[in-house]
Amino acid sequence: MSYVDGFVLAVPTANKEKFIKHANEGDSVFMDFGALRVLECWADDVPHGTQTDFFRSVQAKDDETVVFSWIEWPDKATRDEAMKKMMDDPRMDPANNPMPFDGKRLIYGGFVPIVVLEKK
C-alpha cells in the first residue's frame with residue numbers, strides 16, 4: 001500500500017522563486033530514492049478561519065504564503081529507507097540548499113491512505 005508524507009509551511013512571499021529552486025533541488029532527491037510523485041502547492045484560495053486554518057497551523061505572517069506539499073511513496077518501507085539515505089546526501093545539506101523559510105514552523109507527518117479514488 002502507498003504511503004504519503006504531508007507538509008504545511010509558511011514561505012516569505014518574496015522568496016517564492018527561491019522556494020521553487022530549493023524545492024526542485026531537494027525534491028529530486030525524494031524522486032531519486034523512490035518517491036512516485038512530489039507536489040509543492042502555493043496557496044491560492046485559502047480562507048482564514050474563525051478557529052483554525054492553514055495560516056495559524058504554521059503561524060504565517062502577513063508577508064508569508066502557505067505552502068501545502070506532499071510526497072507519494074510506493075510504500076512505507078521505501079519511504080523509511082529513503083529518509084535514512086537522505087540524511088547523508090549532500091543535496092539535502094542546508095549549507096548546499098538553504099531553506100528559504102523558517103523550518104521551525106514547518107509541520108509534517110506520514111500518512112497511510114484509507115480512501116483512494118483515481119481515474120485511469
Side-chain angles (χ1 to χ4, degrees):
M1 169 164 272
S2 64
Y3 197 78
V4 176
D5 282 316
F7 309 85
V8 179
L9 55 146
V11 176
T13 303
N15 287 353
K16 183 176 182 180
E17 292 307 315
K18 287 180 184 176
F19 176 78
I20 292 169
K21 181 179 183 298
H22 168 81
N24 277 315
E25 291 177 14
D27 292 350
S28 64
V29 179
F30 297 123
M31 297 300 291
D32 288 350
F33 292 147
L36 300 173
R37 185 164 91 146
V38 179
L39 276 86
E40 303 281 1
C41 305
W42 194 258
D44 176 60
D45 185 10
V46 180
H48 287 272
T50 56
Q51 291 188 350
T52 62
D53 60 33
F54 279 102
F55 301 96
R56 287 181 207 161
S57 72
V58 291
Q59 300 173 346
K61 299 172 184 153
D62 290 341
D63 64 342
E64 293 178 321
T65 300
V66 173
V67 172
F68 176 58
S69 308
W70 67 93
I71 305 167
E72 294 178 26
W73 300 96
D75 51 51
K76 188 173 189 298
T78 302
R79 180 267 206 163
D80 290 348
E81 187 61 30
M83 292 299 177
K84 288 178 194 172
K85 290 177 183 176
M86 286 189 303
M87 294 301 139
D88 295 324
D89 194 299
R91 295 174 292 177
M92 297 304 285
D93 185 338
N96 297 329
N97 188 12
M99 294 187 296
F101 56 90
D102 180 0
K104 293 179 188 135
R105 291 185 285 135
L106 166 100
I107 59 174
Y108 63 92
F111 299 85
V112 176
I114 57 173
V115 175
V116 178
L117 303 175
E118 296 179 321
K119 287 193 176 190
K120 303 255 175 178

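Values below: all heavy atoms of this structure, side chains included; hydrogens, waters and symmetry mates excluded. In what follows, residues are counted from 1 in the order of the sequence shown.
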Hey, is R91 close enough to D32 for a salt bridge, meaning N to O under 4.0 Å?
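Counted as a salt bridge, because a side-chain N and a carboxylate O are separated by less than 4.0 Å.
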State plainly whether one hydrophobic cluster holds both [X] and [Y], where clusters connect Ile, Leu, Val, Met, Phe, Trp and Tyr through side-chain heavy atoms under 4.5 angstrom apart.
X: F101; Y: I20; answer: no
X: V67; Y: L39; answer: no
X: M83; Y: M1; answer: yes

Between atom [atom1] of [X] and atom [atom2] of [Y], what is the distance when rounded to the nearest 0.5 Å?
X: D5; Y: S69; atom1: CG; atom2: OG; answer: 11.0 Å
X: K76; Y: Y3; atom1: NZ; atom2: OH; answer: 4.5 Å
X: I107; Y: F68; atom1: CD1; atom2: CZ; answer: 9.5 Å
X: M86; Y: K84; atom1: CE; atom2: NZ; answer: 12.0 Å
X: F111; Y: S2; atom1: CZ; atom2: OG; answer: 13.0 Å
X: F7; Y: I71; atom1: CZ; atom2: CD1; answer: 4.0 Å

Close side-chain approach of [X] to [Y], heavy-atom, < 4.5 Å:
X: E40; Y: D27; result: yes
X: F30; Y: M92; result: yes
X: V66; Y: V8; result: yes

Would you confirm whether [X], through its side chain, and [Y], through its main-chain N or O, come within 3.5 Å as a donor-acceptor pair?
X: R56; Y: Q51; value: yes
X: R105; Y: V58; value: yes
X: H22; Y: P98; value: yes
X: N15; Y: V11; value: no
X: N96; Y: P90; value: yes
X: T78; Y: G34; value: no

Can you name the nearest heavy-atom pair linking E72 to V4, along with the distance?
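The answer is CG-CG2, 4.4 Å.
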Between P113 and V116, which heavy-atom pair has the shortest distance, and what is it?
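The answer is CB-CG2, 3.8 Å.
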Flag if over 12 foreign heavy atoms under 6.0 Å of CD, E25
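More than 12 heavy atoms, drawn from other residues, nucleotides or ligands, come within 6.0 Å of this atom.
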Could you check whether atom CG of D63 has more than 12 heavy atoms from other residues, nucleotides or ligands sitting under 6.0 Å from it?
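Yes, the 6.0 Å shell around CG holds more than 12 heavy atoms from other groups.
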Over 60° means perpendicular and under 30° means parallel, so tell me whether W42 and F19 are parallel, tilted or perpendicular.
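Rings of W42 and F19: tilted, 30 to 60°.
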Checking side chain to side chain contact (heavy atoms under 4.5 Å, CB included) for the pair F33/D89: CA distance, chi angles, key distance, verdict?
CA-CA 11 Å; F33 292 147; D89 194 299; 3.4 Å; yes
